[in-house]
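Single-structure report; data block below.
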Amino acid sequence: MPTAEPKPIDVQLLALPETAASGLYGMLDVLRVAGALWRTISGADPGPTCFNPRIVASQPEPFRCGGVAMVEPDIVISPSNVPEVLVITDFWLALDDAVLDRHEELKAWLRHCWSNGATIYSACSGSIILAAAGLLDGRPATSHWAYSDLFDSAFPKVSFDPTSNLCFSDESGRLVTAGGAAAWHDLALHIISRHISPGEAIATAKFFLMKWHPEGQRPYANEARQRPHADSAVRRAESWLRENFQSPDPVSGAIAAVGVSERSLKRRFTQATGVSLIAYAQNLRVEAAKEALEFSRKSFEEIAADVGYDNVAFFRRLFKRCTGMSPTEYRRLYEPFWAAHSA
């Protein structure tokens, strides 16, 4: 007797009005053809379909996601609907929107799916709805690095990691969160590799020219961004550092400029910003060096001097610790942009 073809894996992709169309439909397209398209263009038999991806929503009626693309749900959330695999792609959410005031039925359904054995994946801000549902309490998780402050304030029980491209929030692999917006590529390849095979994931990556991001999010994060707080003295210190971070002793300069005792300002600064005065100055210097590597052809020795370092070796180590890359690797990351501009 002929061997029966394996049943496609049931994958449901959650769509909400806040959903970003690019991640939703990109993931849908990739999972729809995983395993078959590469064999087809290679001249082989396409083989069986690996996944049966469908869009799940809170309502059966069509709606626009992200205010742009029309979504026609294939299935709606309900207690009887527990997918084998649930994927939550990224949302268009403000940096302070913790989704605490809406989607209560959806949050209950997510908890129901988890308790009934579903494997759940999220990309970028998709992890916020998981956190709002309580599924990430006491677990490590990631999202776009810009949501670090939101997780710290709204979800203190979550061990938030702003550096990873993928974070295993459950040891069994049933709950996985992915980082920034394009990390849905990494997530899609992980899903294919785990549920089908590494070979199928490699073939999919070849066809779509998808790239794994082993460098994580550190090269892309802005660690010198201003965080909201109400301490006026700390605000003055931040402003002074932004103008004078190249000075030989920026910490002492900031303390003198603000007119608050060293001990008090250091304590208040860390409390308000989450980083020490010296770390804040170092972050400003690293961000300035990143910009110089992106937009100039200066040597790293020149850049180090420009941002306030005589000890180039020390700054090279600091740069790599902050970005996960050497200065040469970081510059190479952005060279194609200039090549395209000058072509």
Apply side-chain contact (heavy atoms from CB on, under 4.5 Å) to the pair S247 and W240, showing each step before the final yes or no. CA-CA 11 Å; S247 66; W240 190 93; 3.8 Å; yes
Would you sort out whether F245 and Y280 count as a side-chain contact (heavy atoms from CB on, under 4.5 Å), showing the intermediate values? CA-CA 9 Å; F245 62 84; Y280 191 86; over 6 Å; no
Criterion side-chain contact (heavy atoms from CB on, under 4.5 Å) on E223 and R218, from CA distance to verdict: CA-CA 9 Å; E223 295 299 336; R218 282 188 296 173; over 6 Å; no
Does the side-chain contact (heavy atoms from CB on, under 4.5 Å) test come out yes or no for V234 and H229, once each step is laid out? CA-CA 9 Å; V234 172; H229 63 80; 3.5 Å; yes
Please evaluate residues N81 and Q12 with respect to the criterion side chain to side chain donor-acceptor pair (under 3.5 Å), reporting the C-alpha separation (whole Å), side-chain torsions for both, the decisive distance (0.1 Å), and the verdict. CA-CA 10 Å; N81 173 27; Q12 295 183 24; 2.7 Å; yes
S326 vs T328, side chain to side chain donor-acceptor pair (under 3.5 Å): CA-CA, chis, key distance, verdict: CA-CA 5 Å; S326 70; T328 300; 4.7 Å; no
Can R332 and E335 be said to form a salt bridge (Lys or Arg N to Asp or Glu O under 4.0 Å), step by step? CA-CA 5 Å; R332 192 178 298 131; E335 283 178 343; 5.2 Å; no
Between Y121 and R194, is a side chain to side chain donor-acceptor pair (under 3.5 Å) present by the stated rule, with each step listed? CA-CA 12 Å; Y121 300 104; R194 180 174 185 228; 3.2 Å; yes
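Minimum heavy-atom separation, M325 to E329: CA-OE1, 3.5 Å. Scanning all heavy atoms of the two residues, the minimum distance from M27 to A188 falls at SD-CB, 3.6 Å. Across all their heavy atoms, C124 and D90 have their closest contact at CB-CB, 3.4 Å. Closest heavy-atom contact between D231 and A272: CB-CB, 4.4 Å. Annotation for S143 and Y147: closest pair OG-CD1, 3.8 Å, computed over non-hydrogen atoms. The heavy-atom pair separating L150 from A98 by the smallest distance is CD1-N, 3.8 Å.
Using a distance-only test at 3.5 Å, with no hydrogens or angles considered, a donor-acceptor pair links the side chain of E302 to the main chain of S299. When atom types are taken as modelled, the side chain of S252 and the backbone of D249 share no donor-acceptor pair closer than 3.5 angstrom. Between the T177 side chain and the A141 main chain, no donor and acceptor come within less than 3.5 Å of each other. With hydrogens and angles ignored, the 3.5 Å screen pairs a side-chain donor or acceptor of S296 with a backbone N or O of A292. Here the side chain of R111 pairs a donor or acceptor atom with the backbone of A133 at under 3.5 angstrom. With R174 contributing its side chain and I120 its backbone, the two residues share no donor-acceptor pair below 3.5 Å.
Using a 4.5 Å cut-off on side-chain heavy atoms (C-beta onward), V11 and N52 make no contact. Taking the side chain as every heavy atom from C-beta outward, S169 and L136 approach each other to under 4.5 Å. Inter-residue side-chain proximity for Y220 and W145 is flagged as met; some heavy-atom pair is nearer than 4.5 Å. Residues L110 and I88 are in side-chain contact: their nearest non-hydrogen atoms beyond the backbone lie under 4.5 Å apart. Here the side chains of F319 and P327 are in contact, with some heavy-atom distance below 4.5 Å. Considering only heavy atoms from C-beta on, L28 stays 4.5 Å or farther from L24 through its side chain. Contact check for L14 versus T89: no side-chain heavy atoms found under the 4.5 Å cut-off. Counting heavy atoms from C-beta outward, L318 and Q282 have side chains that approach closer than 4.5 Å.
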Under 3.5 Å, sequence neighbours excluded: what are the donor-acceptor pairs made by side chains of residues 59-73?
| from | atom 1 | to | atom 2 | distance (Å) |
| --- | --- | --- | --- | --- |
| Q59 | NE2 | E61 | O | 3.2 |
| R64 | NH1 | V68 | O | 2.7 |

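Taking CG of D10 as the start and CD of E84 as the end, the distance is 6.5 Å to the nearest 0.5 Å. From L293, atom CG reaches atom OG1 of T323 across 9.0 Å, with rounding to the nearest 0.5 Å. Rounded to the nearest 0.5 Å, atoms CG (L86) and CD1 (I77) are 10.5 Å apart. Atom CZ of F315 sits about 8.0 Å away from atom CZ of R285, to the nearest 0.5 Å. Annotation: the span from H112 atom NE2 to S78 atom OG amounts to 7.5 Å, rounded to 0.5 Å. Between atom NE2 of residue H195 and atom CG of residue L31 there is a gap of 9.5 Å, rounded to the nearest 0.5 Å.
The aromatic rings of Y330 and Y334 are tilted relative to each other, their planes meeting at an angle between 30° and 60°.
In this structure, V85 is not a member of the same hydrophobic cluster as L130, with clusters built from ILVMFWY side-chain heavy atoms closer than 4.5 Å. In the hydrophobic cluster analysis, where Ile, Leu, Val, Met, Phe, Trp and Tyr join through side-chain heavy atoms closer than 4.5 angstrom, L100 is grouped together with W109. F151 and F91 fall within the same hydrophobic cluster, defined by Ile, Leu, Val, Met, Phe, Trp and Tyr side-chain heavy atoms under 4.5 Å apart, directly or through other members. Grouping the Ile, Leu, Val, Met, Phe, Trp and Tyr side chains by contacts below 4.5 angstrom, directly or via other members, places V30 with I196. The hydrophobic clustering, which links ILVMFWY residues whose side-chain heavy atoms are closer than 4.5 Å, places L175 and V87 apart.
Centroid-to-centroid, the aromatic rings of Y309 and F314 come within less than 6.0 Å.
Between K266 and E262 there is a salt bridge, since at least one side-chain N of the basic residue sits less than 4.0 Å from a carboxylate O of the acidic one. Using a 4.0 Å cut-off between charged side-chain N and carboxylate O, E287 and K290 make a salt bridge.
Around CD of E301, the count of heavy atoms belonging to other residues, nucleotides or ligands within 6.0 Å exceeds 12. In N311, the CG atom is crowded: over 12 heavy atoms of neighbouring residues, nucleotides or ligands sit closer than 6.0 Å. More than 12 heavy atoms of other residues, nucleotides or ligands shown are found within 6.0 angstrom of NZ on K211.
Remark: the D186 side chain and the H213 side chain contain an N/O donor-acceptor pair separated by less than 3.5 Å. In the model, H103 has a side-chain atom that pairs as donor or acceptor with a side-chain atom of E18 under 3.5 Å. Between the side chains of S164 and D161, at least one donor N or O lies within less than 3.5 Å of an accepting N or O. With 3.5 Å as the limit, one finds no donor-acceptor pair spanning the side chains of S197 and E200.
Tested against E238, the residues L277, V258, T273 include a single side chain to side chain contact (heavy atoms under 4.5 Å, CB included) partner, T273. The residue from W212, W184, F168 that alone fulfils the ring pair (Phe, Tyr, Trp, His ring centres under 6.0 Å) condition with H190 is F168.
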